[in-house]
Amino acid sequence: MFRFALISALAALFIMPLTSRTLAAGDVTKPIEVEWQHGGPFGTFDRAAVQRGLQVYRDVCSGCHGLKYIAFRNLLEIGLSEDQAKIIAAEYTVIDGPDDEGEMFERPGKLFDYMPEPFDNEKAARASNNGAFPPDLSLIVKARKGGENYIYSILVGYMEPPDGVTLAEGMAYNPYFPNHQIAMGPPIDDEAVEYVDGTKNTKEQIARDVVNFLAWTAEPSLEARKRMGVKVILFLIVLTVVLYGVKRKVWAKMH
Ligand code: HEC
């Protein structure tokens, strides 16, 4: 009896991970692995890529996706001058007010404004997108399992549906998206943007740049956090050496 229980327990231990893994594998495709300059313990943002990514966001994604946690003044942190950020802000129209008559009014954006939403409300957004809601992208890199690699894979991973798969109306096939049917058509292709710095505008380059930008919007303080980590470790190493010296000195008298 005991032996039987032991054998079934062992068998269960072996079989369980196997089945759960096969189930999971059928559902999502593992994201493409990309080297990110801001990855690892010492990583810093690739400023040029983040700035190009801002251009991709503005030229392509901002038609459907908001960035509600980013203010125009934050763009100074990625290396834009105050004048450049002011010019970008002024290209947007924001609603302000009420004025002395109690009316809301429109004015050009200023540095302290946040990026305006592309749609007036969620219902309007869904109505323009086949019933699906384009999520705000400010925190999307942190909000999705797989982070940067996942978002990159979604952007470059569109393909023809395999034989036997029928797409629902208005959906596109993307193996990296859960259930493989996504309500966002392929947003970028080769030459989808014309880079001002002359970088070659392949689909992969554009995707990498916009993901670099979205990694920054999701954690603008990443560099400060990593610098602090390095300082703390250095401090702990020095402290260890000092305490070791003290310990030897104190115990020397004991022998
Ligand atoms: C024409 C509108 C449109 C444009 C332009 C667009 N998207 Fe989307 N996007 C959508 C919609 C709609 C969804 C929701 C898809 C769904 O839930 O099936 C979505 C979803 C997403 C998601 C979320 C995927 C997930 O896991 O939920 C990401 C990330 C994304 N878009 C990034 C981008 C980026 C980056 C760009 C610019 C390069 C962009 N989108 C351009 C409409 C758009």
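Each ligand, and each atom within it, is numbered from 1 in the order the structure gives.
Ligand 1 places these atoms under 4.0 Å from at least one heavy atom of Ile151: 29 (C). Below 4.0 Å from some heavy atom of Pro187 lie the following atoms of ligand 1, by number and element: 39 (C), 41 (C). Close approach of ligand 1 to Phe177 is summarised as follows: ligand atoms under 4.0 Å from at least one heavy atom of the residue are 16 (C), 17 (O), 18 (O), 24 (C), 25 (C), 26 (O), 27 (O).
Residue contact check for ligand 1: Ile182 places a non-hydrogen atom closer than 4.0 Å to it. The shortest heavy-atom distance from Pro135 to ligand 1 is under 4.0 Å. For Phe133, the heavy-atom gap to ligand 1 drops under 4.0 angstrom.
Close N/O approach between Leu155 and ligand 1 is not found [any backbone or side-chain N/O within under 3.5 Å]. Looking at Asn129 next to ligand 1, no N or O pair under 3.5 Å apart turns up. Considering backbone and side-chain atoms alike, Gln181 places every N or O at 3.5 Å or more from each N or O of ligand 1.
Taking atom 38 (C) of ligand 1 as the reference point, the nearest protein heavy-atom neighbour is Cys61 SG, 2.7 Å. Given atom 4 (C) of ligand 1, the protein heavy atom at minimum distance is Cys64 SG, 3.3 Å.
Which of Lys145, Met184, Arg126, Arg58 comes nearest to atom 10 (C) of ligand 1 through a heavy atom is settled by distance: it is Met184.
Note: Met228 CE to Arg225 CZ = 12.0 Å, rounded to the nearest 0.5 Å. Put simply, CD on Gln51 and CG on Asn212 are 11.5 Å apart, with the number rounded to the nearest 0.5 Å.
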Return a table of donor-acceptor pairs under 3.5 angstrom between the side chains of residues 123-135 and protein atoms on other chains or two or more places apart.
| residue | atom | partner | partner atom | Å |
| --- | --- | --- | --- | --- |
| Arg126 | NE | Glu122 | OE2 | 2.9 |
| Arg126 | NH1 | Gly131 | O | 2.9 |
| Arg126 | NH2 | Glu122 | OE2 | 2.7 |
| Ser128 | OG | Ala124 | O | 3.1 |
| Asn129 | ND2 | Ala125 | O | 2.9 |
| Asn130 | ND2 | Glu169 | O | 3.0 |

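Atom 8 (Fe) of ligand 1 has an N, O or S atom of His65 closer than 2.8 Å.
Glu223 and Arg47 are joined by a salt bridge, as a carboxylate oxygen and a charged side-chain nitrogen come within less than 4.0 angstrom of each other. In summary, Lys142 and Glu219 engage in a salt bridge, as defined by a charged side-chain N under 4.0 Å from a carboxylate O. Asp113 has a carboxylate O that lies under 4.0 Å from a charged side-chain N of Arg107, or vice versa, which qualifies the two as a salt bridge.
Residues Arg58 and Tyr92 approach most closely at CD-OH, 3.4 Å, considering heavy atoms. Counting all heavy atoms, side chain and backbone alike, Asn74 lies closest to Trp216 at O-CZ2, 3.4 Å.
Both the backbone and the side chain of Ala183 come within 4.0 Å of ligand 1, counting heavy atoms alone.
With ring centers used as reference points, Phe72 lies 6.0 Å or more from Tyr114.
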